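Here is the structure we will look at, set down as structure tokens.
Given the structure is predicted, the values throughout are model-derived calculations rather than measurements. Remember, it's 1-based here, ligands and their atoms both numbered in the order they're listed. The residues of the chain are indexed from 1 along the displayed sequence.
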Amino acid sequence: MKSIIYRRYGGPEVLELADVPDPKLAQNSVLIRVKAAALNPADLALQAGLGASIMDAWFPVIPGWDVAGIVERVGAGVTEFTAGDEVIGFVREEILHHGTYAERISVPSSMLVRKPRNATWAQGSGLPLAGLTAYQAIVHTLKLTRGETVLIHGSSGGVGSLAAQISVTCGARVIGSGSASSHNYLRSIAVEPVLYGDHLVRDVRAIIPEGVDAILDCVGRGVLALNPQLGRAGYRSCSIADSAAGVTTVFARMNQADLLRLVELVEAGSLTVAVAATYPLEDAARAQLALRDGGKKPGKIVLEVG
Ligand SMILES: NC(=O)c1ccc[n+]([C@@H]2O[C@H](COP(=O)([O-])OP(=O)(O)OC[C@H]3O[C@@H](n4cnc5c(N)ncnc54)[C@H](OP(=O)(O)O)[C@@H]3O)[C@@H](O)[C@H]2O)c1
């Protein structure tokens with residue numbers, strides 16, 4: 001099968017299109033014909049070797065953790081899926097080897113759920129990692145409730161745009177930062193936009209002088225240092241991109257119940273995955289450059305496969 005591989009750590013330039021053997025189908029696993037694979041900043045970080053102290057890479061590595069595709073065959077023991085099912089998944093294993101930038105992948109069935117009926121393949125592939133991160137931050141960690149106000153740093157990004165919509169479903173008011181070009185999109189998902197940078201505190205305080213109830217950092221870059229100027233007394237804060245005293249750092253976990261809840265929100269029309277751009281599989285390096293260099297439209301960059 002065709003796949004994208006890298007044989008050594010590095011940037012987008014180490015990616016190659018290669019023919020590799022089809023994956024084997026283990027017990028309790030599902031063989032998927034990949035239709036789309038969303039990119040994540042983690043792909044770039046791991047490829048650069050930044051995870052080498054906690055995760056082995058078995059070269060050549062096929063990158064990618066997000067998938068949407070069609071079940072071709074199921075392994076012994078699988079009862080919940082059958083050939084022809086349309087599925088999505090967060091395929092995160094503890095070694096880097098068999099990723100989703102490929103025509104086929106064999107995935108433990110516990111990492112999959114059905115694809116939302118009203119989502120395109122690209123949107124479906126953009127939901128698992130970013131959606132789980134957003135959901136676990138907003139619902140499980142911040143425990144946002146009706147009538148509260150949340151500030152989301154990076155609300156135009158893959159995670160932030162989903163976190164903003166999930167916050168709205170919780171009944172919260174959402175203030176979100178993003179570049180000027182993202183502000184029309186942010187308004188369309190009921191976010192009150194502010195620019196990141198020097199005037200962020202002033203602009204947030206102009207919207208809500210008493211400060212916000214909760215702060216989600218989807219950016220890093222030291223924005224957590226602004227928390228005391230942005231939160232009201234007793235505010236809660238978490239980050240997906242940084243750590244600081246008194247702030248919970250959230251790491252996305254595969255959880256079928258959470259991912260199914262996200263599928264339901266998409267099917268109910270309460271959550272839409274924004275797709276910033278799509279690229280064919282062979283243009284994976286170009287797609288990674290677009291993610292790394294920023295300036296993309298809001299949402300996810302996705303590889304379309306087959
Ligand atoms: N802990 C976890 O489990 C987990 C999971 C997923 C992601 N992450 C991390 O979370 C971060 C966001 O991921 P993502 O997939 O949402 O990335 P993304 O789609 O690239 O979004 C990045 C966001 O940051 C904003 N931004 C860019 N430059 C900025 C600046 N100088 N100041 C403030 N904001 C700026 C962007 O705004 P514009 O595009 O409008 O400029 C955009 O909203 C990454 O660091 C990623 O590694 C962690």
Side-chain angles (χ1 to χ4, degrees), residues 12 37-48 50-51 54-55 63-66 90-92 122 125-138 140-142 151-166 174-189 191 193-201 203-204 215-226 230 237-244 247-255 258-259 262 273-277 287-302:
L39 271 61
N40 288 287
D43 303 351
L44 286 160
L46 296 167
Q47 189 175 309
L50 300 182
I54 56 165
M55 208 180 255
W65 278 347
D66 264 334
F90 176 25
V91 189
R92 193 206 137 131
S125 76
L127 188 63
L129 195 161
L132 286 166
T133 312
Y135 190 83
Q136 289 163 2
I138 294 294
H140 294 321
T141 305
L142 291 177
L151 169 66
I152 300 177
H153 293 284
S155 59
S156 50
V159 178
S161 58
L162 295 173
Q165 295 173 74
I166 292 164
V174 186
I175 302 169
S177 75
S179 56
S181 62
S182 71
H183 285 195
N184 279 342
Y185 165 74
L186 292 178
R187 286 187 200 97
S188 79
I189 57 168
V191 172
V194 291
L195 281 176
Y196 47 73
D198 293 344
H199 299 303
L200 180 105
V201 172
D203 293 349
V204 172
I215 301 169
L216 169 59
D217 166 23
C218 298
V219 168
R221 301 174 193 253
V223 296
L224 290 173
L226 303 173
L230 294 164
S237 177
C238 73
S239 177
I240 64 164
D242 210 347
S243 58
V247 175
T248 308
T249 304
V250 173
F251 294 100
R253 283 185 183 191
M254 178 54 204
N255 176 306
D258 288 350
L259 192 47
L262 289 161
V273 177
V275 176
Q288 283 195 344
L289 279 170
L291 179 61
R292 189 188 72 183
D293 294 345
K296 66 177 172 66
K297 289 184 182 162
K300 301 292 300 176
I301 291 179
V302 176

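- At least one heavy atom of Lys296 sits less than 4.0 Å from an atom of ligand 1.
- Neither the backbone nor the side chain of Asn40 comes within 4.0 Å of ligand 1, counting heavy atoms alone.
- Of the candidates Ser156, Gly222, Ser182, Ser156 brings a heavy atom nearest to atom 37 (O) of ligand 1.
- Close approach of ligand 1 to Leu291 is summarised as follows: ligand atoms under 4.0 Å from at least one heavy atom of the residue are 20 (O).
- Of all heavy-atom pairs spanning Leu224 and Ser239, the tightest one is CD1-CB, 4.0 Å.
- What sits closest to atom 13 (O) of ligand 1 on the protein, heavy atoms only, is Pro41 CG, 3.7 Å.
- Set against the non-hydrogen atoms of Ala252, the atoms of ligand 1 under 4.0 Å away are 2 (C), 3 (O).
- In this structure, CD1 in Ile215 is found 11.5 Å from CD1 in Ile152, a value given to the nearest 0.5 Å.
- At a 3.5 angstrom cut-off on N or O pairs, Val159 counts as close to ligand 1.
- Contact annotation: for Phe251 versus ligand 1, heavy atoms closer than 4.0 Å belong to both the backbone and the side chain.
- Taking any N or O of Gly154, backbone or side chain, at least one lies under 3.5 Å from an N or O belonging to ligand 1.
- Of the N or O atoms in Ser177, none lie within a sub-3.5 Å distance of an N or O in ligand 1.
- The shortest N or O to N or O distance between Gly160 and ligand 1 is not under 3.5 Å.
- For a threshold of 3.5 Å applied to N or O pairs, the pair formed by Gly157 and ligand 1 contains at least one separation below that value.
- Asp66 contributes a side-chain N or O that, together with a main-chain N or O of Leu129, makes up a donor-acceptor pair within less than 3.5 Å.
- With hydrogens left out, the protein atom closest to atom 6 (C) of ligand 1 is Leu129 CD2, 3.5 Å, a heavy atom.
- The shortest heavy-atom distance from Cys218 to ligand 1 is under 4.0 Å.
- In this structure, CD1 on Ile301 lies 10.0 Å from CD on Gln288, to the nearest 0.5 angstrom.
- The side-chain heavy atoms of Leu259 and Pro128, taken from C-beta on, include a pair separated by under 4.5 Å.
- Of all protein heavy atoms, the one closest to atom 48 (C) of ligand 1 is Ile240 O, 3.0 Å.
- The shortest contact between atom 45 (O) of ligand 1 and any protein heavy atom is with Ala241 CB, 3.8 Å.
- Residue-to-ligand polar distances place Val250 within reach of ligand 1: an N/O pair is separated by less than 3.5 Å.
- Rounding to the nearest 0.5 angstrom, the gap separating the CG atom in Leu39 from the NZ atom in Lys300 is 7.5 Å.
- Looking at Arg221 against ligand 1, only its side chain comes within 4.0 Å, counting heavy atoms.
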